[in-house]
2 protein chains.
Amino acid sequence: MRIGEVAEKAGVSVRALRYYEEQGLLQAGRSPGGQRHYPDTAVGRVRLIQQLYAAGLPSRVVRKVLPCVDSGEEKAPPELLDQMAVERVRVDQRITDLLAVRDQLDDVIAIARDPDSDCSHVE
Amino acid sequence: MRIGEVAEKAGVSVRALRYYEEQGLLQAGRSPGGQRHYPDTAVGRVRLIQQLYAAGLPSRVVRKVLPCVDSGEEKAPPELLDQMAVERVRVDQRITDLLAVRDQLDDVIAIARDPDSDCSHVE
DNA sequence: CTTGCACCTGACGTCAACGTCAGGTTCTAG
DNA sequence: CTAGAACCTGACGTTGACGTCAGGTGCAAG
């Protein structure tokens with residue numbers, strides 16, 4: 001597959017794919033003329049990258065996590081595992097933050113919809 | 001309170017506070033000499049702003065949400081409420097993404113710790 | 001009145017994750 | 001063989017949330 005097809009199937013821009021390669025997140029073979037070509041698995045990998053980005057993980061984290069997730073998990077060296085655990089904690093913290101924010105939004109929405117209900121969070 | 005004290009109590013930089021004012025997120029009175037002074041409530045408001053940022057909300061969302069959360073929720077016009085609902089959905093989506101990522105991390109960590117357990121997610 | 005720290009206003013720098021434009025090449029269809 | 005779509009490599013532009021530096025001012029203490 002060439003870059004355009006991968007981009008379309010994965011729902012990202014061609015520029016993004018070249019950027020991922022530049023960042024070492026996605027390898028590509030080259031045709032004699034210099035054009036990139038990807039295996040079918042590339043689409044899935046790009047989707048994975050997108051998922052990690054969508055979750056708000058910074059690129060340095062993606063860089064650390066990707067090799068573990070796709071290139072056979074059993075090869076992960078212990079120090080890398082520690083990093084993963086650290087990131088796991090960070091993700092968890094972020095989830096907690098988001099839940100709190102969601103609750104705040106729910107409060108405001110509920111109060112606005114039904115002003116007579118008491119504002120219990122102020123006590 | 002002057003800006004330095006607020007910054008320290010809220011755990012952010014002085015520059016950040018000036019930035020918030022510039023963005024219309026945080027008002028401040030001025031001394032005759034031109035120095036900003038804040039009420040005690042400013043610290044809490046800054047913490048709220050930080051929480052929203054920490055959750056990954058973009059500034060435009062914070063801009064929309066803040067007036068509802070602190071200046072008396074009952075005044076919120078319906079169109080603003082719709083926006084809040086939209087953002088609520090976005091936050092929810094983000095939580096879902098993060099949960100998926102966390103599960104992936106857990107999988108990788110679990111497999112690495114205990115390679116004999118079967119990789120059930122691949123079936 | 002002077003020292004000196006906290007404060008002020010610009011204004012340019014930074015980093016990430018691409019967008020976009022310029023100028024040239026490769027590949028495919030007819 | 002030729003048009004033109006898809007690709008290539010730089011390289012500069014963008015947005016958000018500030019960092020940082022320059023050059024000047026407010027204010028409490030001695």
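Just so we're clear, the structure is a prediction, and the values are computed from it rather than from any experiment. Here is the naming used below: chain letters follow the sequence lines, and residue numbers restart at 1 for every chain.
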Given atom [atom1] of [X] and atom [atom2] of [N], what is their separation to the nearest angstrom?
X	N	atom1	atom2	value
B/H37	D/dG26	NE2	P	16 Å
A/E22	D/dC12	CD	P	14 Å
B/L25	D/dA17	CG	P	9 Å
B/E8	C/dA6	CD	P	10 Å
A/M1	C/dC27	CE	P	18 Å
A/I49	C/dA17	CD1	P	11 Å
A/L57	C/dA17	CG	P	10 Å
A/E5	D/dA6	CD	C1'	12 Å

Of the options [options], whose atoms approach the side-chain atoms of [X] most closely?
X	options	answer
B/R2	C/dC7, D/dA6, D/dA17	C/dC7
A/I3	D/dC8, C/dA17, D/dG26	D/dC8
A/Q35	C/dC7, D/dC7, C/dC18	D/dC7

Kindly say if [X] contacts the phosphate of [N], meaning a side-chain N or O under 4.0 Å from OP1 or OP2.
X	N	answer
B/S13	D/dC18	no
B/Y20	D/dA17	no
B/R18	C/dA6	no
A/R15	C/dC21	no
A/R30	D/dT9	yes
B/Y19	D/dC18	no

**Q.** Residue closer to the 5' end of DNA chain D, B/R63 versus B/G33 (nearest nucleotide)
**A.**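 Here B/R63 is the residue nearer the 5' end.
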
Q: Map B/Q23 and B/S31 onto DNA chain D by nearest heavy atom, then report which one ends up closer to the 5' terminus.
A: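 Checking each residue's closest nucleotide, the 5'-ward one belongs to B/Q23.
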
* Applying salt bridge (Lys or Arg N to Asp or Glu O under 4.0 Å) between B/R88 and each of A/D106, A/D107, A/D103, report the one that passes. =>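 Filter result, single survivor: A/D106.
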
Q.
Heavy-atom count check: over 12 atoms from other residues, nucleotides or ligands less than 6.0 Å from B/Q23 CD?
A.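 More than 12 heavy atoms, drawn from other residues, nucleotides or ligands, come within 6.0 Å of this atom.
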
Exercise. Using distance alone, with no hydrogens and no angle criterion, decide if A/Q50 and A/Y20 have a side-chain donor and acceptor under 3.5 Å apart.
Key: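 Yes, because at least one side-chain N or O of A/Q50 sits under 3.5 Å from a partner of the opposite role on A/Y20.
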
Going by an N to O cut-off under 4.0 Å, is there a salt bridge joining B/R18 and B/E21?
->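 Judged by the 4.0 Å cut-off on N to carboxylate O distance, B/R18 and B/E21 do not form a salt bridge.
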
Margin query: Would the distance check show the side chain of A/R47 and the main-chain N or O of A/K9 forming a donor-acceptor pair, the cut-off being under 3.5 Å?
Written below: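 Indeed, once roles are kept as given, a pair shorter than 3.5 Å links the two residues.
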
More 5' along DNA chain C: B/V14 or A/L17, using each one's nearest nucleotide?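 So the residue in question is B/V14.
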
